[in-house]
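Data block below; observations after.
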Amino acid sequence: MAYPTGIEWRQMSATIGAQPITELASSPLHNLGQRIRAKDYTFGEAGFIYLAGVASTAQGDVVSFDERNGTTKRALEGQRGPVVVAMAAIVAGQYGWYAEDGCVPVNTGSNDPPPGPVYLSRTAGEVTGVPFEGEKVDNLTVVTYPSGGFATCRLTRPAANGNDANAQESRG
């Protein structure tokens with residue numbers, strides 16, 4: 001699984017000396033929770049949030065985060081709260097940008113989710129197209145079929161709220 005190449009995010013904000021989107025820092029260069037916008041010629045405009053990393057995070061992983069203290073953990077089936085996508089391998093002791101809206105490559109592992117809604121996987125950091133009851137990620141959808149373990153997904157400040165339309169309809 002290799003993250004797609006040729007992506008070059010160019011920041012649109014007027015922040016002088018801003019850390020590039022896919023680069024890491026060993027100490028915070030911005031306030032945790034700071035938001036900026038950037039554009040790539042393939043993926044278009046997207047919004048990013050600056051957060052602390054967590055062990056084993058890979059580029060394209062889905063992580064949940066604590067808005068109060070800016071910490072992250074690799075998203076996993078059963079977690080709740082806001083989720084974002086790591087734009088680099090932002091591991092423990094490092095800081096970087098995470099996508100929260102727009103289109104970006106997202107880790108699907110060996111899953112092949114079709115275009116449509118995604119669900120948190122039993123594998124940390126990955127999403128799947130298999131609807132686990134209560135595991136749907138709201139406002140995160142696959143827009144292109146996966147290639148090499150990554151799918152292009154559209155994000156609009158996604159959250160794992162435990163909602164699952166299929167499970168609710170079957171209970172109806």
Side-chain angles (χ1 to χ4, degrees), residues 1 3 7 9-40 43 45-109 117-128 132-142 149-164:
M1 276 188 332
Y3 192 81
I7 302 171
W9 294 101
R10 298 181 187 272
Q11 295 182 24
M12 299 169 64
S13 63
T15 305
I16 295 173
Q19 179 177 327
I21 298 296
T22 59
E23 290 186 14
L24 306 170
S26 57
S27 60
L29 300 179
H30 305 283
N31 293 325
L32 295 181
Q34 179 175 337
R35 289 177 161 91
I36 64 167
R37 300 209 56 83
K39 186 173 186 173
D40 173 74
F43 292 96
E45 186 177 331
F48 302 89
I49 185 170
Y50 196 75
L51 301 167
V54 65
S56 302
T57 300
Q59 191 173 27
D61 274 1
V62 176
V63 302
S64 60
F65 71 99
D66 182 328
E67 293 178 279
R68 192 172 127 230
N69 61 23
T71 58
T72 59
K73 60 181 155 180
R74 293 172 69 213
L76 186 64
E77 177 185 16
Q79 290 178 348
R80 300 291 178 261
V83 297
V84 289
V85 177
M87 298 313 298
I90 310 168
V91 297
Q94 295 182 325
Y95 300 85
W97 296 104
Y98 294 80
E100 64 178 355
D101 75 69
C103 286
V104 297
V106 175
N107 183 358
T108 59
V118 295
Y119 303 83
L120 292 180
S121 172
R122 292 182 177 140
T123 303
E126 293 180 9
V127 294
T128 180
F132 298 110
E133 185 174 321
E135 301 304 319
K136 183 174 178 285
V137 180
D138 295 327
N139 301 321
L140 176 62
T141 56
V142 172
F150 291 88
T152 299
C153 292
R154 177 170 305 286
L155 302 82
T156 310
R157 293 214 178 163
N161 294 318
N163 297 328
D164 181 24

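FYI, the numbering just counts along the sequence from 1.
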Considering residues at least two apart in sequence or located in another chain, which fulfil the salt bridge (Lys or Arg N to Asp or Glu O under 4.0 Å) criterion with [X]?
X: D101; value: R37
X: E23; value: none
X: R154; value: none
X: R35; value: E100

Min side-chain heavy-atom separation Q34-L32 under 4.5 Å: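 Q34 vs L32: side chains apart.
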Validation row: F43, P105 side chains within 4.5 angstrom (heavy atoms):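 Yes. Closest side-chain heavy atoms under 4.5 Å.
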Residues E45 and R10 bridged, charged N to O under 4.0 Å: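 No salt bridge links E45 with R10.
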Indicate every side-chain donor-acceptor pair of residues 49-56 with a distance under 3.5 Å to a residue at least two apart or in another chain.
residue, atom, partner, partner atom, Å
Y50, OH, Q19, OE1, 2.6
Y50, OH, L29, N, 3.1

Output a table of donor-acceptor pairs, distance under 3.5 Å, between side-chain atoms of residues 60-68 and any protein atom two or more places apart or on a different chain; print 'none' if there are none.
residue, atom, partner, partner atom, Å
D61, OD1, N107, ND2, 2.8
D61, OD2, A58, N, 3.0
D61, OD2, R74, NE, 3.1
S64, OG, K73, O, 3.4
S64, OG, Q79, OE1, 3.2
D66, OD1, R68, N, 2.8
D66, OD1, N69, N, 3.4

Working to the nearest 0.5 angstrom, can you tell me the gap between [X] [atom1] and [Y] [atom2]?
X: W97; Y: L24; atom1: CH2; atom2: CG; result: 13.0 Å
X: L155; Y: D138; atom1: CG; atom2: CG; result: 12.5 Å
X: R122; Y: E135; atom1: CZ; atom2: CD; result: 9.0 Å
X: L120; Y: K136; atom1: CG; atom2: NZ; result: 11.0 Å

Closest approach of [X] and [Y], non-hydrogen atoms and distance?
X: Q94; Y: I90; value: O-CG2, 3.8 Å
X: A124; Y: L76; value: N-CD1, 3.5 Å
X: L140; Y: C153; value: CD1-CB, 3.7 Å
X: Y98; Y: A86; value: CD2-CA, 3.4 Å

Side chain to side chain contact (heavy atoms under 4.5 Å, CB included) partners of A46, counting only residues at least two apart: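 Per chain and number, A46 pairs via side chain to side chain contact (heavy atoms under 4.5 Å, CB included) with W9, F48.
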Under the side chain to side chain contact (heavy atoms under 4.5 Å, CB included) test, residues paired with A18 that sit two or more places apart: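 Scan of A18 (side chain to side chain contact (heavy atoms under 4.5 Å, CB included), adjacent residues dropped) gives Q11, T15, H30.
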Pairs involving residues 69-89, ordered by first then second residue, that meet ring pair (Phe, Tyr, Trp, His ring centres under 6.0 Å) (sequence neighbours left out):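 Residue pairs with at least one partner in residues 69-89: there are none.
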For T123, side-chain hydrogen bond (donor to acceptor under 3.5 Å, both in side chains) partners two or more places apart: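 Applying side-chain hydrogen bond (donor to acceptor under 3.5 Å, both in side chains) to T123 gives none.
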Qualifying salt bridge (charged side-chain N to carboxylate O under 4.0 Å, His left out) pairs with a residue from residues 85-97, counting only residues at least two apart or across chains: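 Residue pairs passing salt bridge (charged side-chain N to carboxylate O under 4.0 Å, His left out), neighbours aside: none found.
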Donor-acceptor under 3.5 Å (T57 side chain, A89 main chain):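 Not a single qualifying donor-acceptor pair exists.
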Flag, side chain of Q59 to backbone of M87, donor-acceptor distance under 3.5 Å: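 Checked: pair present.
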